[in-house]
Amino acid sequence: MSRRFARFGITSLLTAVVLLAGARQAAAYPQFQFSSGTNRCGQCHFAPSGGGLLTSWGRDESADTISLGGDGAFLHGLVSPPAWLGIGGDFRLAALTNDVGSPSGPESAVFPMQADLYVRAAFTESLSLNVTGGIRGIERPNDGSIGGRLGSAVDDLMSREHYLMWRPSATGPYARIGRFFAPYGLRFVEHVYYVRRYTGFNLYEETYNASGGYVADEWEVHLTGFAPVPTTLPSPLRSVGPGEAGAAGYGEIRLAKMSALAGQFRVGIGSLESRYQAGAIGKLWVEKAKLLLLGEGDFIRQQFKTTPAYAQNQFVSYLGVNFYPVRGLMGAVAYERFQENLSVSTTARNAYDLQLNFFPWAHCEAVLLGRYQLTGSGAVDGGTATLLMLQLHYYL
């Protein structure tokens with residue numbers, strides 16, 4: 001056992017040195033459910049609800065179905081870790097221009113968006129330790145030079161996910177305890193989408209949880225109790241966002257391997273405010289047209305402790321169509337809406353998205369995202385903002 005974990009530590013350290021350069025959330029690609037022939041997200045990921053480290057099935061799909069070719073195995077098959085050890089990683093470099101109507105003009109930046117290392121150590125067939133570590137991504141550091149970024153890397157180290165999981169098989173019951181995002185929502189990679197930003201699942205908002213559920217071929221259910229990350233923890237373990245404690249639930253039923261309906265809820269109680277939210281998700285795969293429709297809507301009631309008599313109702317939604325014209329290319333158009341207070345029309349935000357994902361070879365991806373936002377009542381009474389971003393993504 002000691003030799004096993006000595007090899008585990010050496011391999012993890014070497015891989016971490018190669019990867020660490022900036023970090024983001026380790027999420028999933030809900031666009032590949034049904035469209036790639038995969039019925040449930042947990043087939044491609046070790047996490048029961050998807051996201052993070054890929055299974056052997058997910059790695060095979062990434063090469064044989066999603067990309068134009070190549071070997072999806074760890075390091076392109078050059079190294080084969082032992083069966084008890086799973087290693088992976090994501091690295092993203094981003095270039096963007098963002099125009100929010102500032103008098104100084106649009107902002108442009110090039111920065112490492114993500115550098116995450118995933119490690120899964122299986123103690124038995126049922127019990128495993130799962131850890132995600134990386135560097136907190138900073139778009140505009142005080143010293144943006146290579147030397148400056150490397151010099152601050154130690155201070156920016158963080159682990160957003162670390163948990164123990166009991167999961168006897170790919171289907172059936174499971175339980176896990178530790179830090180991660182509770183199963184909820186469409187779980188997009190892009191954190192700019194409203195259904196991530198305004199529902200408690202934005203960057204670095206992972207909580208400490210006790211979670212369990214049941215996953216079957218045609219349905220799944222997850223229930224999570226969560227607590228905020230203590231502010232006394234060292235910097236690598238800190239979180240952002242409101243410190244809330246509460247519970248979340250997600251249930252999904254899949255029909256004819258082409259569609260899914262899901263219901264969800266989340267209750268978060270904080271020292272200054274509380275949020276009570278419920279929502280629904282729909283997914284539909286149209287095989288002949290190679291189209292995947294994705295939709296999510298959440299109703300949120302926000303109450304403030306300082307003014308108990310005042311509360312506001314919110315609504316956040318996403319509606320998108322993904323298309324797959326040829327192997328290796330995925331496109332999407334989407335409409336989003338977030339209204340901070342349903343009784344005040346000028347608090348609405350609308351966004352229109354166009355995204356192209358190109359997978360030229362296994363482990364490699366290029367993403368082009370264009371976004372146009374309207375705030376307030378529209379272009380006349382409110383403001384506009386545009387975002388154009390290019391990402392280069394590589395995974396181990």
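Predicted model, so just to flag it, every value in this text is computed and none were measured.
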Minimum side-chain heavy-atom gap Glu252-Ile281 below 4.5 Å |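 The answer is no; the side chains never approach within 4.5 Å.
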Quick one: salt bridge (charged side-chain N to carboxylate O under 4.0 Å, His left out) pairs with a partner in residues 307-321, sequence neighbours left out?
-> none
Sorted by first residue and then second, give each salt bridge (charged side-chain N to carboxylate O under 4.0 Å, His left out) pair with at least one member in residues 263-273; sequence neighbours left out.
->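 Matches after skipping sequence neighbours: Glu244-Arg266.
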Are side-chain N/O atoms of [X] and [Y] paired as donor and acceptor at under 3.5 Å?
{"X": "Thr97", "Y": "Asp99", "result": "no"}
{"X": "Glu296", "Y": "Gln264", "result": "yes"}
{"X": "Asn357", "Y": "Glu365", "result": "yes"}
{"X": "Gln355", "Y": "Gln31", "result": "no"}
{"X": "Tyr29", "Y": "Asn322", "result": "no"}
{"X": "Ser102", "Y": "Ser104", "result": "yes"}
{"X": "Asp90", "Y": "Tyr118", "result": "yes"}

Starting at [atom1] of [X], measure out to [atom2] of [Y] and round the result to the nearest 0.5 Å.
{"X": "Ser56", "Y": "Glu61", "atom1": "OG", "atom2": "CD", "answer": "10.5 Å"}
{"X": "Leu284", "Y": "Phe34", "atom1": "CG", "atom2": "CZ", "answer": "9.0 Å"}
{"X": "Leu293", "Y": "Leu319", "atom1": "CG", "atom2": "CG", "answer": "7.0 Å"}

Starting from [X], walk the hydrophobic network (Ile, Leu, Val, Met, Phe, Trp, Tyr; side-chain heavy atoms closer than 4.5 Å) and list everyone else you reach, by chain and number.
{"X": "Leu272", "value": "none"}
{"X": "Tyr395", "value": "Leu54"}
{"X": "Met165", "value": "Tyr163, Phe180"}

Partner residues of Glu287 under the salt bridge (Lys or Arg N to Asp or Glu O under 4.0 Å) criterion, sequence neighbours left out |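 Glu287 satisfies salt bridge (Lys or Arg N to Asp or Glu O under 4.0 Å) with Lys290 once adjacent residues are dropped.
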Does the ring center of His363 lie less than 6.0 Å from the ring center of Phe74?
->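 No, ring centres 6.0 Å or more apart.
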With sequence neighbours left out, what residues match [X] under side chain to side chain contact (heavy atoms under 4.5 Å, CB included)?
{"X": "Ala83", "value": "none"}
{"X": "Ala351", "value": "Tyr194, Glu336, Asp353, Arg371, Gln373"}
{"X": "Asp217", "value": "Arg40, Thr171"}
{"X": "Leu164", "value": "Phe123, Leu129, Ile177"}

In terms of hydrophobic clustering (I, L, V, M, F, W, Y; side-chain heavy atoms under 4.5 Å; direct or indirect links), are Tyr394 and Ile87 co-clustered?
-> yes
For the residue pair Val189 and Arg196, what are the closest heavy atoms and their distance?
-> O-NH1, 3.2 Å
Between Ser211 and Pro183, what is the shortest heavy-atom contact and its length?
->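 Closest pair (atom of Ser211, atom of Pro183, distance): OG-CD, 4.3 Å.
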Does any N or O in the side chain of His191 come within less than 3.5 Å of the main-chain N or O of Asn202, such that one atom is a donor and the other an acceptor?
-> no
Hey, could you give me each pair passing ring pair (Phe, Tyr, Trp, His ring centres under 6.0 Å) that has a residue in residues 266-314? Not counting sequence neighbours.
-> Trp285-Tyr324, Phe304-Tyr310
Ring pair (Phe, Tyr, Trp, His ring centres under 6.0 Å) partners of residues 218-268, not counting sequence neighbours, each pair once | Tyr174-His222, Tyr214-Trp219
Before giving the answer on side chain to side chain contact (heavy atoms under 4.5 Å, CB included), spell out for Lys305 and Ser274 the whole-Å C-alpha distance, their side-chain angles and the decisive distance to 0.1 Å.
-> CA-CA 8 Å; Lys305 299 290 183 66; Ser274 298; 3.6 Å; yes
Mind checking whether Tyr193 and Tyr318 have parallel, tilted or perpendicular rings, split at 30° and 60°?
-> tilted
Is the shortest distance from a Lys or Arg side-chain nitrogen in Arg349 or Glu340 to a carboxylate oxygen in the other one below 4.0 Å?
->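 Salt bridge: no.
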